[in-house]
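First comes the structure, then the notes that go with it.
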Amino acid sequence: MKKLRLDKFLADLGFGTRKEVRKLIKQKRVSVNGEIVNNPSFHIDPENDAVFLDGEPLTYRKNHYFMLNKPPGYVTAKEDRNYPAVMELLSDLPYLKKLFPVGRLDIDTEGLLIITDDGQLGHRIAHPKWEIEKEYIAVVKGDPSGLNTDRFEKEGLKLKDYQTKPFKLEILETGKEESKVKITVKEGKYHIVKRIMEELGHPVIHLKRTRIGPVALDESLSPGEYRELTEEEVKSLKESVNL
């Protein structure tokens, strides 16, 4: 990897704008290989030099990737005037300003959200052209066992104002009052899962996203918790959108 200016190194890690990180450097809070460096244009080798900020070691990554188990009651946004936003759940990250949620989950929907600062990957995951699968587990009203689910994989479903792409509907549990289904779609239209189940006569009571493309929600994450994606998860996501 080619050498980087120290101020760019810190800015890429999300410690502020180039102007802001220059102040950190001028305040003699940054060391390289054990020596304080107060020159923002000082060049470092990100792979081999030991860089510390306030005594804490820094590892260079151009981009960051997380999965968040979104709890209900949060809007999928960086900030919101009326409701708590999902990015508040990652407020301890130093590079928070650069991160954004990929796609959306309704305020009452929970489950998997990808959080990243990789704009190209985020765009492709969200764009309908790439037809990335999104898998949901839904608790719905009534017993849907009488539905001909095979036809949805071939034809999709005609809504009042929209023809959906083909999707997969699996019935997991049935009951007279409510049932549980798994629905896998390849589009991100507004309220698409809720609209499908409403049209089928089985409105959604509770909805949780469990998978985006090849990446499944880590069930060890409690609602509101997050973790970094593994290298394999990042690689598989990128491969799924030809990056």
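What's counted below: heavy atoms across the whole structure, side chains too, no hydrogens, waters or symmetry copies.
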(message) Before you tell me yes or no, could you show the steps for Val51 and Ile44 under side-chain contact (heavy atoms from CB on, under 4.5 Å), namely the whole-Å CA-CA distance, both residues' side-chain angles and the distance that decides it to 0.1 Å?
(response) CA-CA 9 Å; Val51 183; Ile44 65 165; 3.7 Å; yes
(request) Would you check if the side chain of Asn33 reaches a backbone N or O of Ala50 as a donor-acceptor pair within less than 3.5 Å? (result) yes
(message) Is there a side-chain contact between Val86 and Val75 in this structure, where contact means two heavy atoms from C-beta onward sitting under 4.5 Å apart?
(response) no
(message) Measuring only between side-chain heavy atoms, which start at C-beta, is Leu157 closer than 4.5 Å to Phe152?
(response) yes
(request) Report the distance from atom CG of Leu68 to atom CG of Leu99, rounding to the nearest 0.5 Å. (result) 11.0 Å
(message) Can a donor-acceptor pair be found, under 3.5 Å and without considering hydrogens, that links the side chain of Lys70 to the backbone of Tyr74?
(response) yes
(message) For a quick test of reading the model, state the closest non-hydrogen atom pair linking Leu159 to Ile192 and the distance between them.
(response) CD1-CD1, 4.3 Å
(message) Set out, in order, the CA-CA distance, both residues' side-chain angles and the distance that settles side-chain contact (heavy atoms from CB on, under 4.5 Å) for Ile132 and Ile212, then state yes or no.
(response) CA-CA 7 Å; Ile132 299 301; Ile212 297 175; 4.1 Å; yes
(request) Spell out, yes or no, whether Trp130 and Leu243 are grouped together once hydrophobic residues are joined by side-chain heavy atoms under 4.5 Å, including indirect joins. (result) yes
(message) I need the Ser41 OG to Arg22 CZ distance, nearest 0.5 Å.
(response) 9.0 Å
(request) Apply salt bridge (Lys or Arg N to Asp or Glu O under 4.0 Å) to Arg18 and Asp7, showing your working. (result) CA-CA 6 Å; Arg18 291 282 278 270; Asp7 55 357; 3.4 Å; yes
(request) Look only at the side chain of Arg211 and the backbone of Glu135, and say whether a donor-acceptor pair between them is shorter than 3.5 Å. (result) no
(request) Measure from the side-chain N and O atoms of Thr109 to the backbone N and O of Lys208, and report whether any donor-acceptor pair falls under 3.5 Å. (result) no
(message) I'd like to know if the side chain of Arg151 and the backbone of Glu153 have a donor-acceptor N/O pair within less than 3.5 Å.
(response) no
(message) Which heavy atom of Val193 sits nearest to which heavy atom of Val204, and what is that distance?
(response) O-CG2, 4.4 Å
(request) Take atom NZ of Lys235 as the centre, draw a 6.0 Å sphere, and report whether it contains more than 12 heavy atoms from other residues, nucleotides or ligands. (result) no
(message) Distance check, rounded to the nearest 0.5 Å: Ser240 atom OG versus Leu121 atom CG?
(response) 7.5 Å
(request) For atom NZ of Lys158, decide whether the heavy atoms of other residues, nucleotides or ligands shown that lie under 6.0 angstrom number more than 12. (result) yes
(request) Please check if the side chain of Arg5 supplies one atom and the backbone of His43 the other of a donor-acceptor pair under 3.5 Å. (result) no
(message) I'd like to know if the side chain of His202 reaches the main chain of Val140, judged simply by a donor and an acceptor atom lying under 3.5 Å from each other, with no hydrogens or angles considered.
(response) no
(request) Give the C-alpha distance, both sets of side-chain angles, the deciding distance and a yes or no for side-chain contact (heavy atoms from CB on, under 4.5 Å) between Val234 and Leu237. (result) CA-CA 5 Å; Val234 174; Leu237 265 180; 5.8 Å; no
(message) I'd like to know if the side chain of Glu88 and the backbone of Ala85 have a donor-acceptor N/O pair within less than 3.5 Å.
(response) yes
(request) Measure across Pro144 and Val181 and return the closest heavy-atom pair with its distance rounded to 0.1 Å. (result) CG-CG1, 4.0 Å
(request) Mind running ring-ring contact (aromatic ring centres under 6.0 Å, His included) on Phe9 and Tyr60 for me, showing each step along the way? (result) CA-CA 7 Å; Phe9 174 86; Tyr60 181 73; 5.4 Å; yes
(message) Salt bridge check, Lys154 against Asp150: does any charged N sit closer than 4.0 Å to a carboxylate O?
(response) no
(message) Within the 3.5 Å criterion, strictly below it, is a donor on Thr116 or Asp118 matched to an acceptor on the partner's side chain?
(response) no
(request) Could you check if a side-chain atom of Thr210 sits within less than 4.5 angstrom of a side-chain atom of Leu112, using non-hydrogen atoms only? (result) no
(message) Run the side-chain hydrogen bond (donor to acceptor under 3.5 Å, both in side chains) test against His206 and tell me which residues pass, sequence neighbours left out.
(response) Glu110
(message) For the CG atom of Leu90 and the CZ atom of Phe66, what is their distance to the nearest 0.5 Å?
(response) 6.5 Å
(message) Please find the pair of heavy atoms, one from Pro84 and one from Gly73, that lie closest to each other, and give the distance.
(response) CG-O, 3.4 Å
(request) To the nearest 0.5 Å, tell me how far Phe15 CZ sits from Lys98 NZ. (result) 10.5 Å
(request) Drop me the distance from Glu155's CD to Phe167's CZ, to the nearest 0.5 angstrom. (result) 10.0 Å
(message) Could you check whether any side-chain heavy atom of Glu79 comes within less than 4.5 Å of a side-chain heavy atom of Met87, counting everything from C-beta outward?
(response) no
(request) Evaluate the side-chain proximity of Glu233 to Thr230: yes if any heavy-atom separation is below 4.5 Å, no if none is. (result) yes
(message) According to side-chain hydrogen bond (donor to acceptor under 3.5 Å, both in side chains), does anything in residues 168-189 pair up with another residue at least two apart or in another chain? List the pairs.
(response) Tyr162-Glu187
(request) Give the intermediate values and the outcome of side-chain contact (heavy atoms from CB on, under 4.5 Å) for residues Asn39 and Lys26. (result) CA-CA 7 Å; Asn39 179 7; Lys26 292 291 187 180; 5.8 Å; no
(request) Could you state whether Leu147 and Tyr136 fall into the same hydrophobic cluster, counting links through intermediate Ile, Leu, Val, Met, Phe, Trp or Tyr residues with side-chain heavy atoms under 4.5 angstrom apart? (result) yes
(message) Please determine whether residues Leu200 and Val139 belong to a single hydrophobic cluster, defined as Ile, Leu, Val, Met, Phe, Trp and Tyr linked transitively by side-chain heavy-atom distances below 4.5 Å.
(response) no
(request) Kindly check if the number of other-residue, nucleotide or ligand heavy atoms within 6.0 Å of NZ (Lys78) is above 12? (result) yes
(message) Can you confirm whether more than 12 heavy atoms, excluding those of Gln163, are under 6.0 Å from its CD atom?
(response) yes
(message) Are the side chains of Val30 and Phe52 in contact, using a 4.5 Å heavy-atom criterion?
(response) no
(message) Tell me the closest heavy-atom pair linking Pro101 and Thr76, and the distance in Å.
(response) CB-CG2, 3.7 Å
(message) If I compare all heavy atoms of Arg227 with all of Leu221, which pair ends up nearest, and what's the gap?
(response) CG-CD1, 4.1 Å
(message) I want to check something: taking the side chain as every heavy atom from C-beta on, are Leu217 and Arg209 in contact at a cut-off of under 4.5 Å?
(response) no
(message) With a 4.0 Å cut-off on N to O distance, would you call Asp54 and Arg29 a salt bridge?
(response) yes
(request) Using the side-chain hydrogen bond (donor to acceptor under 3.5 Å, both in side chains) rule, collect all pairs that involve residues 190-201, keeping only residues at least two apart or in two chains. (result) Asp106-His191, Asp106-Lys194, Asp108-Lys194, Asp161-Arg195
(message) With a 3.5 Å distance limit and no angle check, can you tell me whether Asp117 reaches the backbone of His64 through a side-chain donor-acceptor pair?
(response) yes
(message) Tell me if a side-chain donor or acceptor on Ser222 pairs with a main-chain N or O of Glu225 at a distance below 3.5 Å.
(response) no
(request) Using a 4.5 Å cut-off on heavy atoms from C-beta on, say whether the side chain of Tyr226 contacts that of Asn69. (result) no
